[in-house]
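Following: one structure in structure tokens, then a few remarks.
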Amino acid sequence: MTNQSVKDDAGALGSASAAPSLRARRRAGAWRRTRRLFVRVAELMAVLFLVSLGTFALLSLIDTDPAVTILGEGHTQADYEAVREDLGLNDPLLERYADWLGSAAHGDLGASIVPPYHDVLDRIMAALPVSVELALLGVGMALLFSIPLAMWSAYHAGGRIDRWISAGTFSVLSVPSFLAGLLLIWLLSNGLGWFPRAEWSRLDEGLGANLYHAFLPALTIALAETALLTRVLRSDLITTLQEDYILAARAKGMGTVHIMFSDALRPSSFSAVTILGISLGRLIGSTVIVEYLFALPGMGTLVVGAARTGDYVTVQGAVLVIALIYVATNALIDLSYGYLDPRVRRSHA
């Protein structure tokens, strides 16, 4: 047998042994990704459980008696006791929570206990599109403003442009949302008459009319989000622009626009994307100030109105839906990290 034959046989054996090793690594990587996904889902379910249990327990401590809320004043104690028994309010807390959670898992969030006695899920489905649209438009406008501002500021770090943008973002962050909304109403609605203040047009009435009525409240939301995202993204971009691969791209003669958008933006977006996910989930349930200023029928208005009237069933259902959206949004944000930076994807492979 010649030396060449020995080498060929050794190479064949090496290839045969490498193939199972490669397949084993791929299987191990797939298993790790699957396990990570299951762990993430379990964590999300635990968060939803804790939020729903905490909300249920806190609402059980309120002084308002649901029986009085339903019947009103002037009835006998026996009448009130009959309502409490019918609602199951005399049962232990955990038993009532288990019954409510079981119904919620099947899509039954109960019915409101104050007029109008609508199904809670129907009321949520009527209010949710308003808050979701405001949150999406506000975050979308914030991204549209913050990305070029952050890039411009980071590229001129320490210069006059950077100082002006930093001063502007700090100024916007110091203005409360209600004051920003009032200023926009005074200028663009009352002063110039460009936008309505207290009207809402749903999507089925026409996209143009809907966006026309949603622009001013969405802009109010976008101002604070723009300032925050600009500050965070600017800081990360400045760090990324000092990386070796960015310096190598500049040495190769790559254009500034190409470097900023293709090489620097994605790996600099981790903090901004995290804040984006938190903001999007938070805004769906916390736009009550904006909704109040512009008289919008969103989730914030629904929750505050239900809490004011003692409609604990509506509050429980609305908080559960908001928590579900918040948790799902942050799960999607977590999964997007692998796309933003391949190093994260490889670390979990």
Side-chain angles (χ1 to χ4, degrees), residues 44-45 47-49 51-52 54-56 59 100-101 103-143 177 181 196 198-207 209-222 225 276-333:
L44 300 182
M45 296 303 294
V47 170
L48 285 176
F49 171 75
V51 169
S52 61
T55 303
F56 195 92
L59 289 175
W100 173 77
L101 188 61
S103 299
H106 291 85
D108 181 13
L109 298 178
S112 58
I113 61 175
V114 298
Y117 302 105
H118 291 162
D119 187 82
V120 171
L121 187 59
D122 292 339
R123 297 187 66 186
I124 292 174
M125 295 308 296
L128 186 60
V130 179
S131 296
V132 170
E133 181 180 356
L134 286 180
L136 289 175
L137 285 176
V139 169
M141 293 169 68
L143 281 174
S177 296
E199 299 177 18
W200 181 255
S201 177
R202 296 190 177 272
L203 279 171
D204 53 11
E205 300 174 11
L207 179 60
N210 172 262
L211 294 178
Y212 173 67
H213 289 83
F215 178 81
L216 209 56
L219 181 60
T220 304
I221 294 172
E225 302 302 321
L276 206 64
I278 295 174
S279 297
L280 187 59
R282 170 179 53 82
L283 288 172
I284 291 175
S286 64
T287 56
V288 58
I289 295 177
V290 176
E291 292 176 8
Y292 177 79
L293 285 175
F294 296 94
L296 303 179
M299 288 294 289
T301 301
L302 175 65
V303 172
V304 172
R308 185 183 297 116
T309 58
D311 188 3
Y312 73 95
V313 180
T314 300
V315 175
Q316 288 171 179
V319 170
L320 180 64
V321 171
I322 292 171
L324 178 62
I325 295 174
Y326 185 88
V327 167
T329 301
N330 282 275
L332 292 176
I333 293 297

Notebook entry, point to check: Heavy atoms, side chains only, cut-off 4.5 Å: are Val51 and Val327 in contact?
Noted result: no

Next item on the list: Name all residues meeting the ring pair (Phe, Tyr, Trp, His ring centres under 6.0 Å) criterion together with Phe56; count only those two or more places apart in sequence or in a different chain, and write none if there are none.
Entry: Tyr97, Trp100

Check: Got Met141 and Phe215 here, is their nearest side-chain heavy-atom distance under 4.5 Å?
Finding: yes

Next item on the list: List in chain and number order the residues that pass side chain to side chain donor-acceptor pair (under 3.5 Å) with Ser112, two or more places apart in sequence or in another chain; answer none if no residue qualifies.
Entry: none

Item checked: Gap separating the CG atom of Leu302 from the OG atom of Ser131, nearest 0.5 angstrom -> 8.5 Å

Checklist line | Heavy-atom side-chain proximity of Leu320 to Thr55 below 4.5 angstrom | finding: no

Next item on the list: Scan residues 313-332 for pairs that pass salt bridge (Lys or Arg N to Asp or Glu O under 4.0 Å), counting only residues two or more places apart or in two chains.
Entry: none

Notebook entry, point to check: Are any of the side-chain heavy atoms of Leu296 and Thr301 separated by less than 4.5 Å?
Noted result: no

Margin query: Show the nearest heavy-atom pair for residues Val120 and Gly317, with the distance to one decimal.
Written below: CG1-CA, 4.3 Å

Item checked: Atom pair CG (Leu109) and CG (Asp119), whose distance is rounded to the nearest 0.5 Å -> 7.5 Å

Margin query: Suppose the criterion is salt bridge (Lys or Arg N to Asp or Glu O under 4.0 Å): which pairs have a residue in residues 312-322, not counting sequence neighbours?
Written below: none

Margin query: Within the structure provided, determine whether Phe294 and Pro196 are in side-chain contact (heavy-atom separation under 4.5 Å).
Written below: no

Check: Sequence neighbours excluded, which residues qualify as side chain to side chain contact (heavy atoms under 4.5 Å, CB included) partners of Leu137?
Finding: Glu133, Leu211, Ala214, Ala218

With a cut-off of 3.5 Å and sequence neighbours excluded, list every side-chain donor-acceptor pair involving residues 121-130.
{"from": "Arg123", "atom 1": "NH1", "to": "Asp311", "atom 2": "OD2", "distance (Å)": "3.4"}

Note to self: Using 0.5 Å steps for rounding, measure from the OG1 atom of Thr220 to the CG atom of Leu293.
What the structure shows: 7.5 Å

Item checked: Within residues 289-302 or reaching into it, pairs that qualify as salt bridge (Lys or Arg N to Asp or Glu O under 4.0 Å) - sequence neighbours excluded -> none

Next item on the list: Write down the atom of Ala306, the atom of Val315, and the distance for their closest heavy-atom approach.
Entry: CB-CG2, 3.7 Å

